[in-house]
Amino acid sequence: MKIVKTITKNILTGILLIILLSTSTYGLSQSDQVKPKDSLIFNYKFNASMRMSKGRLNQLMIPLSLQTTLANKTFEMDLVGSYVYHKINGFQLENEILTRGVFTLLPQKRIRPVVGYIYESSLLSQLKSRHSPGLGIGLTVIKKKNHKLRLNAFASYDKTEFENVVGYETFRANLILFGSDVLIKDRLHLNYTFFYFQSVQDGTNYTLLFEPKLLFKLSKIFSLSTNLNYRYENIVDPISTRENLFMTFGFQIANMR
C-alpha cells in the first residue's frame, strides 16, 4: 500500500510540475510579444431521446444529456451532465445521474494540463454514489477539418459506495479518448468517446465505457441521432450486472461538432 501511495504521489507531483512549467512558459512567450485579441467562446450540445411501448410491456425510457464549453486561449472549462429515467411495468429500473467536469489550461497547445471531476449515481447499477477527482494531461492526436482525436490521461482518486454492500476507495490510472469524423459533409457525422479506468491497487477493479453517436444533420444545429452506450464494470453490487448495453434514437441541438 505504501508503495502504491508513493507512486501515485510521484505521478501527481510530476503532473503539477508540468502545469507549472507550461504556465510559466506561456507567460514568458506572451510577455515578449503583443497579446492578440482573445474572446470568450461558449458552445453547447443538448441530446434527448425516448423509447416507449404500451401493452404487455409498458416501458418508458428517457435519456437526456447536456454539454457546455466555455473557452478562450488561456483556459477551457467543459461540463457534461446526463440523466436517464427508465420504468417498465410500473417498476422504476433506472434513475441515473452522471456528471463530468474538465478544466484545461492552454487548450490550443498540443499537450496541456487538465483537471477533472466525475460524480455518478445509478439505480440500475445499485450505485449510491461515486466521487472521482483527477489530475493529468490532454493530448491532441489528430486535428483536421473532418477528423479529430483527443486523449486525456490522468491519475484520480475514486470513492465508490454501493446500495447493498460495502464500497471501496482506490487510486486509478484513467484514459479518455474523444473522436469525431465527418462521414458525409453536412449530412452524416460520427462522434465517440471511450473510457478506461484502471485501479493501480487492484487489477480486477476496472471500468470500460464506449459511447458512439451517429448524427444525421438536418440543419447546422439540429440533427437526428442514433446513440449506443456500452459499459462494463468489473466490481459491482452483487445484484447488478457487470455488462450493460443500450441503444436509443433521438435528436441533438448543438452549435459545435
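Side-chain atoms are counted along with the backbone in the values below, which use heavy atoms only and exclude waters and symmetry mates. Remember, it's a predicted structure, so these values are computed and weren't measured experimentally.
- Checking side-chain atoms of Arg112 against main-chain N and O of Lys109 turns up a donor-acceptor pair under 3.5 Å.
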Please report, to 0.1 Å, the donor-acceptor pairs under 3.5 Å made by any side chain of residues 83-92, with sequence neighbours excluded.
from  : atom 1 : to    : atom 2 : distance (Å)
Tyr83 : OH     : Asn95 : OD1    : 2.6
His86 : NE2    : Gln59 : OE1    : 2.9
Asn89 : OD1    : Asn58 : N      : 2.9

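- Shown here are the side-chain hydrogen bond (donor to acceptor under 3.5 Å, both in side chains) partners of Ser199, two or more places apart in sequence or in another chain: Thr170.
- Here the side chains of Pro133 and Tyr117 are in contact, with some heavy-atom distance below 4.5 Å.
- Taking Ser121 as the reference, nothing meets the side-chain hydrogen bond (donor to acceptor under 3.5 Å, both in side chains) condition, with sequence neighbours excluded.
- For Lys217, the side-chain contact (heavy atoms from CB on, under 4.5 Å) partners two or more places apart in sequence, or in a different chain, are His189, Ser223.
- Thr193 places a side-chain heavy atom less than 4.5 Å from the side chain of Ile176.
- Here the rule is side-chain hydrogen bond (donor to acceptor under 3.5 Å, both in side chains) with Thr69, and of Asp78, Asn43, Asn255 only Asp78 fits it.
- The hydrophobic clustering, which links ILVMFWY residues whose side-chain heavy atoms are closer than 4.5 Å, places Leu123 and Ile97 apart.
- Taking the ring axis of Phe197 as reference, the NZ or CZ atom of Arg172 does not stay both within 45° of it and closer than 6.0 Å to the ring centre.
- Looking only at atom types and distance, the side chain of Ser122 has a donor-acceptor partner in the side chain of Glu96 under 3.5 Å away.
- Judged as a side-chain hydrogen bond (donor to acceptor under 3.5 Å, both in side chains), and not counting sequence neighbours, the contacts of Gln198 are Tyr196.
- Note on ring orientation: taking the six-membered ring where Trp is involved, the planes of Tyr119 and His131 are tilted (angle from 30° to 60°).
- The salt bridge (charged side-chain N to carboxylate O under 4.0 Å, His left out) test with Glu120 singles out one residue from Arg100, Arg231, Lys128, and that residue is Arg231.
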Residues 234-247, side-chain donor-acceptor partners within the protein, below 3.5 Å, at least two apart:
from   : atom 1 : to     : atom 2 : distance (Å)
Asn234 : OD1    : Tyr232 : OH     : 3.1
Asn234 : OD1    : Arg242 : NH1    : 3.2
Asn234 : ND2    : Thr204 : O      : 2.6
Asp237 : OD1    : Asn164 : ND2    : 3.4
Asp237 : OD1    : Ile239 : N      : 3.1
Asp237 : OD2    : Asn164 : N      : 3.2
Asp237 : OD2    : Asn164 : ND2    : 3.1
Thr241 : OG1    : Glu243 : O      : 3.3
Thr241 : OG1    : Asn244 : OD1    : 3.3
Arg242 : NE     : Asn234 : O      : 3.4
Glu243 : OE2    : Tyr230 : OH     : 2.6

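- Pairs passing the salt bridge (Lys or Arg N to Asp or Glu O under 4.0 Å) check and including a residue from residues 197-212, sequence neighbours excluded, do not occur.
- Between Lys45 and Gln252, the shortest heavy-atom distance links the atoms CD-OE1, 4.2 Å.
- Here Ile253 pairs with Tyr44, Ile221, Phe222, Phe251 under the side-chain contact (heavy atoms from CB on, under 4.5 Å) rule; sequence neighbours left out.
- Qualifying ring-ring contact (aromatic ring centres under 6.0 Å, His included) partners for Tyr157, counting only residues two or more places apart in sequence or in other chains: Phe171.
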For this session: Show the numbers, then the answer: is there a side chain to side chain donor-acceptor pair (under 3.5 Å) between Lys213 and Asn47?
Result: CA-CA 11 Å; Lys213 179 187 301 178; Asn47 291 273; 3.1 Å; yes
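- When the side chains of ILVMFWY residues are joined at heavy-atom separations under 4.5 Å, either directly or via intervening members, Leu151 and Val80 end up in two distinct hydrophobic clusters.
- With sequence neighbours left out, Leu66 forms a side-chain contact (heavy atoms from CB on, under 4.5 Å) with Phe46, Thr68.
- No chain of hydrophobic side-chain contacts below 4.5 Å, direct or via other Ile, Leu, Val, Met, Phe, Trp or Tyr residues, connects Leu124 to Leu60.
- Taking hydrophobic clusters as Ile, Leu, Val, Met, Phe, Trp and Tyr residues chained together by side-chain heavy-atom distances below 4.5 Å, Ile111 shares a cluster with Leu175.
- Looking at residues two or more places apart in sequence or on another chain, you find no side-chain hydrogen bond (donor to acceptor under 3.5 Å, both in side chains) involving Glu163.
- By the side-chain contact (heavy atoms from CB on, under 4.5 Å) test, Thr160 pairs with Leu127, Arg130, Asp158, Phe162, Tyr168, sequence neighbours left out.
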